[in-house]
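Report on the structure given below.
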Amino acid sequence: MTILRTGLLVAACLAMPGCGIFGGEDDDALAPKELVDFEPTLKVERLWSAKVGGKSEFLRLNLVPAGDGTRIYTAGRDGSVSAFDPESGRRLWRTETDAPLSAGPGLGNGRVVVAASDGTLISLVAETGEERWRVNIGGESLATPIIARDSLVVYTIDGKLRVLSLFNGNVRWSMEQSVPALTLRGSAAPVVVGTTIIAGFDNGRLVAVNLLDGATEWEAMLSPPTGRSDLERLSDVDGTITAVDQDVYASGYQGRIASVAAESGQVLWAREVSTHVGVSADWNNLYTANNDGEILAMSRNTGAEAWRNDALLRREPTLPVPFDTAVVAADFEGYLHFMSNLDGDLVARERVGKGMVSGAPVVIGGRLYVQTEAGKVSAYAVPKRDAPAAPGEE
């Protein structure tokens, strides 16, 4: 199934304008935009880096750092799961699962859960790394497992949403949606609002179900398929879904970004933007990268565009995420690009390493963490600014 979906993604790429895998006369127009020099105005410091296991190049996995306030957890394609001290970067424990990990880690209730390409889910004790259980659910997951109360929410690429017991891995209930003949490789991690799970599917639907019994509460067609061919009808909801209070923000490929009421599924506003990375949010804006690589900021309340930056055109940027006074996206060459959250101007640039970054950077405890496909995790911070002296003080 993994090979088939990867092949379909390549086929889709070849059929799309702007996908010049084999070169041609339009190479210059289709090449990634070159980085330009600028004067940095935001100081960013790398605090530490560590090796966390590689071998994930070009697989479009979802291995992204996570934190619980006391530790930073990582998972590598080689099967290693590690916990680090966020202050020093010291490795606190490392567990070898001997599984080809594809997503995670998910955190909650004292557990760390990772998913493997062969359908295996593995639960570890967060404090020690000791394995508690492992089960095979028969489907690859590219979405971070979500822990809610005593439940584990897992979405697999075959269109199935499952809820398992966090304590023993037993499946409590499952549901599924139809999977189109052609889909992009990727999955959106569900979000949990109260006792409602909201999940996006490859058929363009956003579905809300009850965490306890799996009863469907509402469905919304976020990205209706259009066109005659399977390629034209691609409408996957694969990118990050974000919830702020009772508002849910989601996006569909070749579709739109929408604000949806969590309790009813009512679409509050929608905007035509095609993206496979999803949306992030702060209290004022939403942020995304469209399929060309432009970074966009939009009003949370109305969807009106606040600014856009085309510095990362065709550089395969990750989802941009708010950090300090900036918005940060990584690219296929391992660069981190920091843009002002006010106007989108570039304010800083750092390089994590030579490996591609396909998972979005994450902000935990006021620090930025990013993991490359080469298996390197790094932590960054913006140094505290000196407060201006009060009148009369020297």
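In the model, Asn341 has no side-chain atom that pairs as donor or acceptor with a side-chain atom of Tyr287 under 3.5 Å.
Between Val352 and Thr372, the shortest heavy-atom distance links the atoms CG1-CG2, 3.5 Å. Of all non-hydrogen atoms in Tyr380 and Val370, the two that sit nearest each other are CE1-CG1, 3.9 Å.
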List the steps, then state whether side chain to side chain donor-acceptor pair (under 3.5 Å) holds for Asp247 with Ser259. CA-CA 7 Å; Asp247 294 332; Ser259 171; 4.8 Å; no

Applying side chain to side chain donor-acceptor pair (under 3.5 Å), run through Asn301 and Ser299 and close with a yes or a no. CA-CA 5 Å; Asn301 293 328; Ser299 165; 4.8 Å; no

List the steps, then state whether salt bridge (Lys or Arg N to Asp or Glu O under 4.0 Å) holds for Arg367 with Glu45. CA-CA 10 Å; Arg367 294 192 173 118; Glu45 292 182 350; over 6 Å; no

Assess the residue pair Ser165 and Asn170 against the criterion (side chain to side chain donor-acceptor pair (under 3.5 Å)); give the C-alpha distance rounded to whole Å, side-chain angles, the decisive distance to 0.1 Å, and a yes or no. CA-CA 5 Å; Ser165 166; Asn170 290 340; over 6 Å; no

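The neighbour count for Lys43 NZ, taken as heavy atoms of other residues, nucleotides or ligands under 6.0 Å away, does not exceed 12.
Note that OG of Ser378 and CG of Leu368 are 9.5 Å apart. Values are rounded to the nearest 0.5 Å. For the atom pair Arg91 CZ and Asp85 CG, the distance stands at 12.5 Å (nearest 0.5 Å). Distance check, rounded to the nearest 0.5 Å: CG of Leu30 to CG of Leu313 gives 11.5 Å. How far CG of Leu312 is from CG of Asn290: 10.5 Å, rounded to the nearest 0.5 Å.
Ring geometry for Phe338 versus Phe323: interplanar angle of 30 to 60°, hence tilted.
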